[in-house]
Protein chains: 2
Amino acid sequence: MSSQGYNNSLSVTVDIVIFTIREGELKVLLVKRALDPFKGVWAIPGGFVRNSESLENAAKRELEEETGVKNVYLEQLYTFGDVKRDPRGRVITTAYLALVNSDSFSLRASTDVSEAKLFSVSELPKLAFDHREIMGYALKRLKWKFEYTTVAFSMLPKEFTMGQLQGIYEVVFSREFDKRNFAKKIRSLGLLKEEKVKREVSYRPPKLYSLNKKIGEIVEIL
Amino acid sequence: MSSQGYNNSLSVTVDIVIFTIREGELKVLLVKRALDPFKGVWAIPGGFVRNSESLENAAKRELEEETGVKNVYLEQLYTFGDVKRDPRGRVITTAYLALVNSDSFSLRASTDVSEAKLFSVSELPKLAFDHREIMGYALKRLKWKFEYTTVAFSMLPKEFTMGQLQGIYEVVFSREFDKRNFAKKIRSLGLLKEEKVKREVSYRPPKLYSLNKKIGEIVEIL
DNA sequence: ACAAAAGTGTTGAGAGTACACCCATGC
DNA sequence: GCATGGGTGTACTCTCAACACTTTTGT
């Protein structure tokens, strides 16, 4: 490290790519910017890191301000540090990835934002800054994590059916899986605990399962 | 993002975990700090990010200052942003991972460092700041990358033998592989081009290979 | 001839993939 | 009785792991 002292002309933000599943599609939360060079343009929600909070706490705070939810799955994605990525000055941003169970959140627009909305990842609008690149990273990471860890379960309620689980995998990977093979694979991993069967549906009531491990644990799922 | 303007009391550094293989062991470059609260303590080399350079360029610059090599494999690892990780003030650091071919570098101590030395990863000294945690991340990432990408080849000369390749895998994973199975697996991936066989050794001369793909490309190696 | 690493194939076990029919419920 | 998603087993293929002996060179 240099001894010339600290560099004071540089700001740090966090941006949070918030994924959820709604209407059978993978959606991401975007906000419409109310100010500045990108007024009216959609962007990944985020904000400045305060001096008294860690990066991760800044991300949690922004996430809660935006969605009202706590205790969701949150992981650091990547830090983007090109000199000219923000036209207003030197801003480095650490991007986070959040996975939210769609039942548990409601949108809120914070002060510097005029609107917040869920977009299907297959129909994204033009994005501010280098947010298109960040989104690309987030999608790659999301698939990777679904394939090799238990993060998918963070998008389901505590008790879920095999069909729901398979459904979110099909959405994220944009393809169908064979029901029998999928269930066999999942069961062979010993992740699931069987719960009671009761469910009010107009067809054969499915078994309910719950996750036996921590969310985010490394397990080769597919 | 907030509209309240920029936060100016926060510094950003890069730290680079530089791995190489020497004497049949996985080694990492550490520097002995010459100043400050951690004077005399070993640390991961790094330095402040300048206003005019991207994060990645800062990492490249520090790497070259430390080792004299350019064009090595370099990837961003993680950004550490706890409030109290540096006792001198609020410093966020983005850690990078570098893999260096051991033939191609020479150590240099920069101005704020009294000594630079390669340590075996199995015999690390006490480290400054949160550098132990950073090292843990780096080692995990290194193994992951060896298993699923072609980064290993960045630690070999352009032309190498199957034995050399297997050797670095054995060092990184601290275990032995079966020669026949290893070669079969590698060959089945179609990564290698055969080169001329000549080599002056006091035993049966091995075939030489070169890599047919880009370094860092995703391929399930093991 | 000896030391040192290179080179080479087969077999068995387990995992992944493809594939089709009946079941339980609400309306 | 019909619509809806739930639940179940087998056969084939492919990949992974275990395993030992001969070859080429320099000294």
Side-chain angles (χ1 to χ4, degrees), chain A residues 21 23-25 143-144 146-150 152 156-157 159-210 218-222, chain B residues 21 23-24 143-144 146-149 152 156-157 159-210 218-222:
Chain A
I21 291 180
E23 300 150 22
E25 288 187 295
K143 288 185 189 176
W144 184 257
F146 263 59
E147 196 162 354
Y148 294 108
T149 77
T150 58
L156 292 172
E159 301 192 338
F160 51 86
T161 69
M162 192 62 77
Q164 287 177 298
L165 180 61
Q166 182 172 340
I168 65 172
Y169 272 91
E170 292 182 339
V171 168
V172 168
F173 289 96
S174 310
R175 70 184 186 92
E176 296 185 345
F177 296 94
D178 179 87
K179 220 176 9 171
R180 290 161 290 187
N181 294 339
F182 184 85
K184 195 194 315 176
K185 185 69 207 291
I186 297 292
R187 270 195 277 263
S188 77
L189 299 172
L191 304 174
L192 301 184
K193 202 167 57 184
E194 242 176 87
E195 305 286 342
K196 59 193 176 303
V197 182
K198 228 173 166 186
R199 261 210 142 190
E200 293 166 15
V201 287
S202 70
Y203 49 85
R204 176 172 179 174
K207 283 183 193 152
L208 290 174
Y209 299 92
S210 63
I218 293 180
V219 176
E220 197 171 315
I221 307 272
L222 298 182
Chain B
I21 291 180
E23 301 151 20
K143 287 185 189 177
W144 184 257
F146 263 60
E147 196 161 355
Y148 293 108
T149 77
L156 291 171
E159 301 192 339
F160 50 86
T161 69
M162 193 62 78
Q164 287 177 299
L165 180 61
Q166 182 172 340
I168 66 172
Y169 272 91
E170 292 182 338
V171 167
V172 168
F173 289 96
S174 312
R175 70 184 185 90
E176 295 186 346
F177 295 93
D178 180 88
K179 216 172 17 165
R180 290 160 290 186
N181 292 340
F182 185 85
K184 197 193 314 173
K185 186 70 206 295
I186 297 292
R187 270 195 277 263
S188 78
L189 299 172
L191 304 173
L192 302 184
K193 203 168 57 184
E194 241 176 89
E195 304 287 342
K196 59 193 178 300
V197 183
K198 228 172 167 186
R199 262 208 142 193
E200 292 166 17
V201 286
S202 70
Y203 49 87
R204 178 173 178 171
K207 283 183 193 152
L208 289 174
Y209 299 92
S210 63
I218 293 179
V219 176
E220 198 171 313
I221 306 272
L222 297 183

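Chain A is the first sequence line, chain B the second, and so forth, proteins listed ahead of strands; every chain is numbered from 1.
- Toward the 5′ end of DNA chain C lies the nearest nucleotide of B:N181, the other residue of the pair B:N181 and A:V201 mapping further downstream.
- In this structure, the side chain of B:E170 engages the main chain of B:F177 through a donor-acceptor pair within 3.5 Å.
- Here the P atom of nucleotide C:dA6 and the CD atom of B:Q166 are 9 Å apart, to the nearest Å.
- Atom CG of A:L208 is separated from atom P of D:dG5 by 17 Å (rounded to the nearest Å).
- If you check every strand for non-hydrogen atoms under 4.0 Å, B:K184 touches a base.
- Between A:F182 and A:L165 there is a side-chain heavy-atom pair separated by less than 4.5 Å.
- In this entry the distance linking CZ of A:F182 with P of C:dG16 reads 13 Å, nearest Å.
- The interatomic distance linking A:F177 (CZ) with C:dC19 (P) rounds to 16 Å, in whole Å.
- What separates CD of A:E170 from P of D:dG5 is a distance of 13 Å, to the nearest Å.
- Residue contacts for A:K179: at a heavy-atom cut-off of 4.0 Å it reaches a base atom on one of the strands shown.
- Rounded to an integer number of Å, the gap from CZ of B:R180 to P of D:dC21 is 10 Å.
- Toward the 5′ end of DNA chain D lies the nearest nucleotide of A:Y203, the other residue of the pair B:R175 and A:Y203 mapping further downstream.
- For B:K185 and C:dG7, the NZ to P distance is 20 Å, given to the nearest whole Å.
- Looking only at distances, a side-chain donor or acceptor of A:Q164 sits under 3.5 Å from a matching main-chain atom of A:T161.
- The closest side-chain heavy-atom distance from A:I186 to A:Y209 is not below 4.5 Å.
- Residue contacts for A:K207: at a heavy-atom cut-off of 4.0 Å it reaches the sugar-phosphate backbone alone, with no base atom in range.
- Closest approach to the A:R204 side chain among C:dC23, C:dC19, D:dA18 is made by C:dC23 (side chain taken as heavy atoms from C-beta onward).
- Counting to the nearest Å, the C1' atom of D:dC14 and the CD atom of B:E220 are 14 Å from each other.
- Judged purely by atom type and a 3.5 angstrom limit, A:K185 uses its side chain to pair as donor or acceptor with the backbone of A:I221.
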